[in-house]
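Chain letters run A, B, ... following the sequence lines, proteins first and then strands; every chain starts at 1.
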2 protein chains.
Amino acid sequence: MPLYHAPVDDIRFVLHEMLQVEKYSNLAGFADAPRDVIDAVLEEGAKLAERVFAPLNQSGDQEGCRIADGVVTTPNGFREAYRTFCEGGWPSLTADPEYGGQGMPFVLGFALSELWSASNMAFAMYPGLSHGAYEAIRHWGTDAQKQTYLPKLVSGEWTGTMNLTEAHCGTDLGLLRTRAEPQDDGSYKVTGTKIFISAGEHDLAANIIHLVLARIPGGPEGVKGISLFIVPKFLVGADGTLGPRNGVAAGNIEHKMGINGNATCVMNYDGATGFLVGEAHKGLRAMFTMMNAARLGVGIQGISQAEVAYQNAASYAKDRLQGRAITGTKFADKAADPIIVHPDVRRMLLGARAFIEGARAFYLWTGLKIDLAHRDPDPAVREANDDLVALLTPVVKGYLTDKGFDSTVAAQQVFGGHGYIREWGMEQFVRDARIAQIYEGANGIQALDLVGRKLGQNGGRGLMAYLGECEKFVADNQGDATLQPFLDGLATATGQVRDGALWFMQNGLANPDHAGAGSVEYLHLMGLQVLGYMWAQMAKVALDARAAGTATPAHDAKLTVGRFFVARLLPDGAALLAKVQAGADSIMALDAASF
Amino acid sequence: MPLYHAPVDDIRFVLHEMLQVEKYSNLAGFADAPRDVIDAVLEEGAKLAERVFAPLNQSGDQEGCRIADGVVTTPNGFREAYRTFCEGGWPSLTADPEYGGQGMPFVLGFALSELWSASNMAFAMYPGLSHGAYEAIRHWGTDAQKQTYLPKLVSGEWTGTMNLTEAHCGTDLGLLRTRAEPQDDGSYKVTGTKIFISAGEHDLAANIIHLVLARIPGGPEGVKGISLFIVPKFLVGADGTLGPRNGVAAGNIEHKMGINGNATCVMNYDGATGFLVGEAHKGLRAMFTMMNAARLGVGIQGISQAEVAYQNAASYAKDRLQGRAITGTKFADKAADPIIVHPDVRRMLLGARAFIEGARAFYLWTGLKIDLAHRDPDPAVREANDDLVALLTPVVKGYLTDKGFDSTVAAQQVFGGHGYIREWGMEQFVRDARIAQIYEGANGIQALDLVGRKLGQNGGRGLMAYLGECEKFVADNQGDATLQPFLDGLATATGQVRDGALWFMQNGLANPDHAGAGSVEYLHLMGLQVLGYMWAQMAKVALDARAAGTATPAHDAKLTVGRFFVARLLPDGAALLAKVQAGADSIMALDAASF
């Protein structure tokens, strides 16, 4: 069975040394989470991930989910694991105390979600999907709705889902057909079929709260006529007890490439009773509240699979004896040297690791920005952080899942032929990681969101502030020879991000296709640049520790891996910019029929 | 079910217009294959691939192979398909007429092997593996061995396998333990266990001829003490009839990520009767005869999965309605525009297509070089072509499988969520394509073969001749403005390949790890450059057709796709060279224990 060791030390490095979260004790929830509490929570979370979730990952994939007469059975052990998860209070960790939550910092919740996903991505999606439902109801629901649904979602007694996609429409929600007929009592009858509903039906929780996009007849066409509804699996009585089964059922579950332990359902709504969330026809706004939370979570899934795959590949590379180091035998007492002596094996491992550690810093840094955007007393600080989170959400989702997949594939490659055999578990990580590039908005959509919407939002305020921050970091930290390559690399990448944005500005009007033609490369350029910023900050932390005489081998390793990042990953920036600047002409020229 | 349409037109473009194979009618076999014969063979091959093999691809994956008491049952329909294949004379197409072959050009055999792999990769491996066994016996076997085994391998009555890997050794064959004890009658008793044996046991053919690497006791240690043996499943009588079952049996079949229709066997040899092929202890040389043929075949597998995945993605993109073109609605009568209007969808498709068409030209051009290396009357021509094939074999294998996988993943991405669902078939192409990067020498090994052995072979004669050929092409074709970007791109990439080789030469002695540290990037740089050469040649052909007034829409599409290649894929060259020149320091610095 594959191993998994929760990377608590590296998370602690980012939280305590790089982000210094203890500085934010003025924010709600942070005072209750001093360093020792954070560490204790991480240690407990690590135990759960390593001992309860990870052992069910491979069996969950092999067993998959079953459906009979609309009843879904999850793999063996999932029910017990979910109960343990809820009993430990984990679903409520970062939730609002008003609804039974513990109000802990989001950034800590993010760290734990990496642990859940890395140890068992398919399992982690059952509670993971509840987040979106929780956020949508908390932001847009009535007080009665909040009182009815939030405490149970927070406790984990119930789970939530997001019902957007229909067979003929995923990205283009303007086409959706599910209808919601108003009833005299203020409720609606929802009718239609939704597909690809993760955790749409299962046996883990007493009730499932579906958040469903549908059209109220007579509303505007297209996306401006979409509304959001709560459709519970079991109707809920005024006293909170479960009433009769609602008119919604899973019609089937999909057979997929991976995440087989999670039930991906076709959901049939047949006059199901639904309750409007927020305003009629303004469902898209509420949908994005769910979606943005989900997108960040999916980005974390991307790095999580890379992390667990890396750990197994590193362990294999230290064990597997094959060949001799070209610079001379390293282990004369063994039949051969372990393959970790070979530069190309190290290249694959370091490529994954340099990505993972940079990506971990990136998502945690983003998590802290979310806390600041929600909890800082100063509106200007809230706005600035909100800008940044909006700008970088598609980058977290798109870059971390694309590079997470690539890194997982590289880790599989370290195993040679054994990587292709199910028993070793590496191929499951690859199959599971693949979905993260696709769902919650395929990565091409993330790139369009970044280039077409976020770059220019509020006159480019978010982008300019972010690039200014990076340039200030470079300027403020001149003078240390060891840090200099990190600063030079960051300066170059920042300039490339700026040049790319400028190119879009200068050329986008003449041909609107330029944005779409270069959007994915631009997202990758920006992801690379953000990781460059993270690595420069981490290198500075490590050098500060050296200067203070407190450096550990982990600090030295940070610098070593960081140097690999600068030497071997950053050079992609120039090629990415060149592709952006190549524009749309070579892409749009071919006649559609000639494809 | 996914579609597959054999790309006969594009193959004909390469064979007739770019390579002009009819010019080689002085070579054995080529006179029997004029243009109309080649076209007829391709048309018949296309029918077989489209109508017989492709319909079994998805069902073969779902059913997989079964084993009971050492007897392997292949998926439904495979037996009949194999019979049809043999009855059509396909196994003998390029084989030596002395053993019943038709002696047709290799380059034509290569084209057909793309069709077999694209339509059903798992199926195509059953006859595909026979090639290596055939080559090994034909080059190294005794006359009696040739007479006994080759005619049946050529007809397809029997199939062949390659038995190299053991559980503890794949890449490092020096560690292998299987033993071959000499017997009084000149035969050997072979004992040991081999793993990952593709098509090791099945129900398609009357006999299976295993080519097995083993040690004769008392021989040298390491790779210098390895010998190659023929171990037939059924012993063969002097009159060619099948005798008793030999002491070899499949102990198990692997559960894999993909190619589930092919039985990957654990083979147990228990005092099985074996016959030495070639000289004792010189088995590695014979093994490479098998291996080089197999490596080229695996490269073709890489492009084949990209091709079939591309075809389905292109078809989907023209069908699927989602969103509107940003430059204005294209199909006002439809609920939305087909997604082929979106630049990013085109980018994914064109990325795959520019790779595929370049790669197809590359493997066919290499196939022609093999014909020249074997069949040209002039020893100097044979040698020059042999040099080139030796140099480029690892590039065909490594580059076409790495980029083939990436392109298959990109094609899957075009499908959005549907790409992740088994029913659509795209995820199978990804799972099947993945193995090609791993087996017959993982791609890191291909890169070491290129950089550590092939670059400097015969004083770099092959590399220098090849780069000179490219530079001559650039110099000879100046003057056409439409061709110029192709020439400029090729010149730049050729310079990068030269600079990379120079860097290895100048720095390799000081630190031998530099070669391994940059080898995969160098292989990719060379693959990109070769494709640049192919695209420049194809562009010239298309422009010549324009000048002659014979251009078709396909010629115009060639130029359009080629321009995409130059604008959007070639820019990677600079980053690849920068990574090569970054050297080994950042890779070797981290202590093994810190991974």
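The two residues Pro571(A) and Ala575(B) come nearest to each other via the heavy atoms O-CB, 3.5 Å. Minimum interatomic distance between Lys256(B) and Ile421(A) (heavy atoms only, all atoms of both residues): CG-CD1, 4.1 Å. Residues Pro343(A) and Gly516(B) approach most closely at CB-C, 3.6 Å, considering heavy atoms. Nearest heavy-atom pair across Asp172(A) and Gly323(B) is OD2-N, 2.6 Å.
Taking Ala574(A) as the reference, Gln496(A) meet the side-chain contact (heavy atoms from CB on, under 4.5 Å) condition, with sequence neighbours excluded.
Proximity to chain A is limited to the backbone of Ala593(B), based on heavy atoms less than 4.5 angstrom apart. Proximity to chain A (any heavy atom under 4.5 Å) is shown, for Phe565(B), by neither the backbone nor the side chain. For Tyr310(B), the part sitting under 4.5 Å from any heavy atom of chain A is the side chain, from C-beta outward, and nothing else. Only the backbone of Ala167(B) comes within contact range of chain A, with at least one heavy atom under 4.5 Å from a heavy atom of that chain.
For the options Phe595(B), Tyr420(B), Phe564(B), heavy-atom pairs under 4.5 Å to chain A are most numerous at Tyr420(B). Looking only at heavy-atom pairs under 4.5 Å with chain A, the residue among Ile438(B), Leu175(B), Asp344(B), Ile587(B) that has the most is Ile587(B). Between chain B and the residues His255(A), Gln413(A), Glu254(A), the largest count of heavy-atom pairs under 4.5 Å involves Gln413(A). Per-residue heavy-atom pair counts under 4.5 Å with chain A were compared for Pro512(B), Gly419(B), Ala314(B), and the maximum is reached by Pro512(B). With chain A as the partner, the residue from Thr560(B), Leu569(B), Asp513(B) showing the most heavy-atom pairs under 4.5 Å is Asp513(B). Ranked by non-hydrogen atom pairs under 4.5 Å with chain B, the options Ala578(A), Gly444(A), Gly258(A) are led by Gly258(A). Of all the listed residues (Met426(A), Arg353(A), His514(A), Arg320(A)), the one sharing the greatest number of non-hydrogen pairs under 4.5 Å with chain B is Arg320(A). In terms of heavy-atom pairs under 4.5 angstrom with chain B, the leader among Gly583(A), Ala517(A), Ala325(A) is Ala517(A). Between chain A and the residues Gln428(B), Gln581(B), Gln412(B), the largest count of heavy-atom pairs under 4.5 Å involves Gln412(B). Of the residues considered (Ala447(A), Ala592(A), Ala589(A)), Ala592(A) shows the highest number of contacts with chain B, using heavy-atom pairs under 4.5 Å. Between chain A and the residues Asp591(B), Asp406(B), Val520(B), Ile339(B), the most heavy-atom pairs under 4.5 angstrom are made by Val520(B).
The main-chain N or O of Ala584(B) is never found under 3.5 Å from a side-chain atom of Arg346(A) such that the two would form a donor-acceptor pair. Under a 3.5 Å cut-off, the side chain of Gln322(A) and the backbone N or O of His168(B) do form a donor-acceptor pair. Arg434(A) places a side-chain N or O within donor-acceptor distance of the main-chain N or O of Val409(B), the cut-off being under 3.5 Å. At distances below 3.5 Å, not a single donor-acceptor pair connects side-chain atoms of Glu427(A) with backbone N or O atoms of Arg431(B). For the pair Tyr439(B) (side chain) and Gly417(A) (backbone), a donor-acceptor distance under 3.5 Å is absent.
Tested against Leu590(A), the residues Leu350(B), Asp556(B), Ile340(B), Leu349(B) include a single side chain to side chain contact (heavy atoms under 4.5 Å, CB included) partner, Leu350(B).
For the atom pair His342(B) NE2 and Ser519(A) OG, the distance stands at 11.5 Å (nearest 0.5 Å). Considering OG of Ser586(A) and CZ of Arg347(B), their distance stands at 11.5 Å, rounded to 0.5 Å.
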*Residue pair Ile195(B), His418(A): steps toward the side chain to side chain contact (heavy atoms under 4.5 Å, CB included) verdict*: CA-CA 10 Å; Ile195(B) 66 166; His418(A) 299 287; 3.9 Å; yes

_side chain to side chain contact (heavy atoms under 4.5 Å, CB included) assessment of Arg568(A) paired with Glu521(B)_ = CA-CA 10 Å; Arg568(A) 302 289 296 226; Glu521(B) 276 94 353; 2.8 Å; yes

_Asp572(B) and Lys579(A): CA distance, side-chain angles, deciding distance, side chain to side chain contact (heavy atoms under 4.5 Å, CB included) verdict_ = CA-CA 9 Å; Asp572(B) 285 328; Lys579(A) 292 174 188 186; 3.0 Å; yes

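Within 6.0 Å of the CD atom in Gln62(A), the count of heavy atoms belonging to other residues, nucleotides or ligands exceeds 12.
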